[in-house]
Amino acid sequence: MKVDLIIENGVVLTMDPSRSIIENGVVVIDKGKIIDLGDSAILSKYESTEKINAHEKLVMPGLINTHTHTGNTIYRGIADDLPLKDWLEKFIFPLEAKFCNKELVILSAKLSIIEMIKAGTTTFSDMYYFENEVAQVAKEIGIRAELAETLLDFPSPTVKTSDEGLKYTEDLICNWKNDPLIKIAVAPHAPYTCNASTLKKAKTLADKYNVSFHLHLSETENEFNESLKKNNATPVEYLSRLGVLEGNVFAIHCVHLSENDREILRKNKIGVSYNAQSNMKLASGIAPVADLLRRNILVGIGTDGAASNNTLNLFEEMDMGSKLQKVFTKDSTVLNAKTVVEMATLNGARLLGLENNCGSIEKGKNADIILIDLNLPHLIPIYNFYSHLVFAMNGSEVNTVIVNGKVLMQNRKLKTIDEEAVLREAKVLSLKIKNNF
Ligand SMILES: [Zn+2]
């Protein structure tokens with residue numbers, strides 16, 4: 001049988017239900033999908049003009065970043081060492097008011113996607129402005145994405161009111177329906193930037209089209225305490241009372257959670273995006289992720305924006321996220337390496353409703369696959385692949401990235417976008433921002 005692409009001679013870390021690892025493995029890809037996998041014995045059944053030799057490489061599902069703001073990568077490092085409130089109100093919101101436009105978002109999204117691909121990310125969930133443009137960029141480069149226009153009760157760079165934001169989102173949902181790579185979600189920014197009416201309308205919109213709904217939730221102690229004062233309820237209780245914490249929903253951060261909050265998340269099957277480094281850097285606190293996992297709450301990993309992280313690197317996030325929980329719980333057994341890799345692949349896919357598309361290398365799924373160089377001094381010896389992925393790698397080992405069967409990067413060279421040109425343009429734009437803010 002003739003097929004589009006064959007990956008051979010690699011170690012295949014499948015992340016399938018039995019977590020099989022195939023030595024000298026083969027993955028067969030046709031029309032964007034994984035149609036077969038196994039050891040070298042299956043090679044005789046297929047032929048292809050496109051072959052990738054994965055000798056001394058790990059072949060695994062691409063990583064899934066469950067929370068980004070790709071449009072703010074252009075502000076990376078412009079305002080560090082600040083609490084969230086000052087960072088947001090004195091820098092990010094004013095910067096966005098002054099500089100954010102379609103061209104900036106397009107360039108920043110390109111820069112972000114290049115960074116993500118180079119560190120093995122094949123799917124990201126974005127919440128920013130001009131998301132129609134982000135969708136076009138993602139599609140052009142060929143990465144998988146779940147995209148949501150940030151809804152706010154005050155004017156955003158894209159729209160003037162929350163109702164206009166909802167209309168913009170509805171148009172996005174309709175325009176990108178059935179796209180093989182792009183999914184649209186509904187994303188109110190947070191309970192403190194969207195009133196009850198906006199939150200409810202947003203949820204109604206998400207339910208109407210059966211798309212994901214997500215928002216920042218219980219990120220800081222201040223947000224938690226203000227909600228108690230204003231709503232006589234924690235942020236989670238408040239949203240639950242509004243009826244928006246049901247169905248296809250995930251919450252980003254969840255750093256400050258009462259016992260009752262955790263039970264609400266568990267009972268309502270609300271997933272959580274864990275953004276350890278952003279929470280550490282803004283001193284927001286530590287999300288009780290080990291406890292959430294113990295309660296069988298679905299937790300994926302996100303980087304948050306590069307303006308608060310300051311990278312979009314899931315290898316760093318896996319490493320930090322695991323160690324932070326160990327320190328927090330004083331229990332070195334929590335968030336073990338295998339669990340963390342599951343969080344960055346399978347859990348991320350489930351959180352975004354993409355579990356039938358990606359998150360593992362299995363027959364019938366889309367071919368979202370990365371190849372990682374293993375023949376490197378900091379990765380030798382190899383006793384346990386999960387351990388290396390979380391505690392030894394930094395993302396620079398990612399050699400090849402495939403999304404939906406298409407090779408986006410090979411031997412660290414990007415094939416669908418001119419990396420040098422984007423870096424050059426981003427440097428020019430950053431100078432303009434620096435000189436005018
Ligand atoms: Zn965020």
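Count residues from 1 along the sequence. Remember, it's 1-based here, ligands and their atoms both numbered in the order they're listed.
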Q | Donor-acceptor side-chain pairing of Asn309 and Ser278 below 3.5 angstrom | A | no
Q. Should Lys201 and Asp163 count as an ion pair when the cut-off is N to O under 4.0 Å?
A. yes
Q) Parallel, tilted or perpendicular: which describes the rings of His67 and His253, with under 30° parallel and over 60° perpendicular? A) perpendicular
Q) Are Arg19 and Glu342 close enough for a salt bridge, meaning some N to O gap below 4.0 Å? A) yes
Q. Which N, O or S atoms belonging to the protein are less than 2.8 Å from the Zn ion (ligand 1)?
A. His67 NE2, His69 NE2, His216 NE2, Asp304 OD1
Q: Return the orientation label for the His256 and Phe224 ring planes: parallel under 30°, perpendicular over 60°, tilted otherwise.
A: tilted
Q.
I need the single residue from His69, Glu96, Glu133 that forms a side chain to side chain donor-acceptor pair (under 3.5 Å) with Tyr128. Which is it?
A. Glu96
